Number of protein chains: 2
Amino acid sequence: MLSQAEENYLKEIYALGEETEELLSTNSIAKKMRTKASSATDMLQKLAGKGLVDYTKYKGTRLSKEGEAKAMAIVRKHRLWETFLVAKLGFSWDEVHDIAEQLEHIQSKTLTNRLDAFLEYPSHDPHGHPIPNTNGKIVASEGIILADLKINEKGVLVGVKNATDSLLKYLNKINITIGDTIKVLDIEPFDDSVTIDNNAQQITISGNVAKNLYIKYR
Amino acid sequence: MLSQAEENYLKEIYALGEETEELLSTNSIAKKMRTKASSATDMLQKLAGKGLVDYTKYKGTRLSKEGEAKAMAIVRKHRLWETFLVAKLGFSWDEVHDIAEQLEHIQSKTLTNRLDAFLEYPSHDPHGHPIPNTNGKIVASEGIILADLKINEKGVLVGVKNATDSLLKYLNKINITIGDTIKVLDIEPFDDSVTIDNNAQQITISGNVAKNLYIKYR
DNA sequence: TCTTTTTTTTAGATAAGCCTAAAAATATTT
DNA sequence: AAATATTTTTAGGCTTATCTAAAAAAAAGA
Ligand SMILES: [Mn+2]
Ligand SMILES: [Mn+2]
Ligand SMILES: [Mn+2]
Ligand SMILES: [Mn+2]
């Protein structure tokens, strides 16, 4: 059985691995874990000893097959619990991450699967992130980003890329939520900012924000 | 913030304290925690340092006011989660303890209170144990024990005293569940065994079992 | 290429929570 | 009351996960 620390590392290594094909640097993992590089080295060597990561001294790290399976199981639990908190307990999407960070470590496959059933097998969590199935496979897609839409194209907001507190709070403030139908009115070439129409409200968002919004055409 | 180990100690010290007025021996605490007396001593000294127990070397231990408050908060979470698992996820009462043992450590007062609301403020967990309120107070009672009924008296089973795996499995086997109306048909003075009628079924249970069943007259 | 800087690893500490073995205190017998 | 047994505490070790400081390797710059 893995410790919470080991599980947290695996999950964040998985997240980093989603962003690049390259081997992950020890520094990038340490930064993600908000710890020191020496601590990360220790943990990577331990995980390598357990066959959960492929780690080569001074070269870099990636998840092994087995490590990825473990990571997906944790991601699955994290996203199911987030869904539970929002769908059943009335939390808002910017309040659930820290609690799910704890709940994702509860050990009981039966519990996870019954929770999944209780939630009626959701495909995405409240941030629009796909929920892996029992086998650790992600079947749903995350869609394309808003920044890729052209003027006059529209689609439905299905998720956010980096569900950081600040982004979620900002979206709350400007009244953008998952499910909203967003139409691109204008794109400013100078700074890639995007003016959109949402619920008959005209809003200009930065290119950075536009890159964080997943859209599904329709 | 308390560690899981500290929380587990507080909870079990509380449980032991329910059974006696006396100071608790280090040995009894060690046994309950399935650990060595030396480990218990370590922890008791730490908890004493934090003001959560009153501990006197070689004399014994009891919870302080503050320690009891912490313990009640954990008991509250444990019982609410057990209720959730049975009422919402379809677990049976003999399957939930180990999972609640983990869930009771989730840190979020908001979560606990919303779970309470979601479950519609249950007064008892699936084993018939009363659930403390937000202030750590137990309002509901546990009733009297079946062993105290006289011949021909009857009442409703509202809880079990020691919800051990073996007792719960045994009750499942002989078809006794919370809510059942039980009538005492005979009491054998030789060994205190009790013959009861439950759902038109006649069963003889040992005095030991009878002492573990909470009954509410009616 | 040879320095210099940056990254990564190693060495050595620390705190939590557990252990075993030994010592000290308390309780029980004779 | 003395001897013996039991309980409890202390001493010292181990593992996990973290840290700082120093050493080693790799990357960048002159
Ligand atoms: Mn976590
Ligand atoms: Mn999420
Ligand atoms: Mn526990
Ligand atoms: Mn219970």
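Chain letters run A, B, ... following the sequence lines, proteins first and then strands; every chain starts at 1. What's counted below: heavy atoms across the whole structure, side chains too, no hydrogens, waters or symmetry copies. Source: prediction; values computed, not measured.
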Ion pair present between A:Lys50 and A:Glu66, side-chain N to carboxylate O less than 4.0 angstrom?
-> no
Look at B:Arg34 together with B:Glu12 and state whether they make a salt bridge at an N to O cut-off of under 4.0 Å.
-> no
Has [X] got more than 12 heavy atoms of other residues, nucleotides or ligands less than 6.0 Å from its [atom1]?
X       : atom1 : value
B:Lys11 : NZ    : yes
B:Lys88 : NZ    : yes
A:Lys32 : NZ    : yes

Indicate whether OP1 or OP2 belonging to [N] is found under 4.0 Å from a side-chain N or O atom of [X].
X       : N      : result
A:Lys36 : D:dT18 : no
A:Ser39 : D:dC19 : yes
A:Thr41 : C:dT9  : yes
B:Gln45 : D:dT10 : yes

For each nucleotide in nucleotides 23-29 of chain D, reading 5' to 3', give B when a protein heavy atom comes within less than 4.0 Å of its base, S when such contact involves only the sugar-phosphate, and - otherwise.
-> -BSS---
Treat primed atoms plus P, OP1 and OP2 as sugar-phosphate and everything else as base, then score nucleotides 11-16 of chain C 5' to 3': B for base contact with protein heavy atoms under 4.0 Å, S for sugar-phosphate contact only, - for none.
-> -----S
Side-chain contact, heavy-atom cut-off 4.5 Å: A:Thr35 with A:Tyr9?
-> yes
Answer yes if the ring centres of B:Phe84 and A:Phe84 are under 6.0 angstrom apart, and no otherwise.
-> yes
All pairs passing salt bridge (charged side-chain N to carboxylate O under 4.0 Å, His left out) where residues 110-123 of chain B contributes a residue, at least two apart | B:Arg76-B:Asp116
Distance in angstrom units between [X] [atom1] and [N] [atom2], rounded:
X       : N      : atom1 : atom2 : value
B:Met33 : D:dT8  : CE    : C1'   : 18 Å
A:Arg34 : D:dC19 : CZ    : C1'   : 17 Å
A:Glu6  : D:dT15 : CD    : C1'   : 12 Å
A:Met43 : C:dT8  : CE    : C1'   : 17 Å
A:Leu44 : C:dT9  : CG    : C1'   : 11 Å
B:Tyr55 : C:dA25 : OH    : P     : 13 Å

What residue pairs, at least two apart or across chains, pass side chain to side chain donor-acceptor pair (under 3.5 Å) with a residue in residues 123-133 of chain A?
-> A:Glu82-A:His127
Donor-acceptor contact below 3.5 Å, side chain A:Asp191 vs main chain A:Ser193 | yes
Tell me which residues in residues 21-32 of chain B put a heavy atom below 4.0 Å from DNA chain D, sorted by number, or none.
-> B:Ser25, B:Thr26, B:Asn27
Under the side-chain contact (heavy atoms from CB on, under 4.5 Å) rule, collect the residues that match up with B:Asp98, sequence neighbours excluded.
-> none
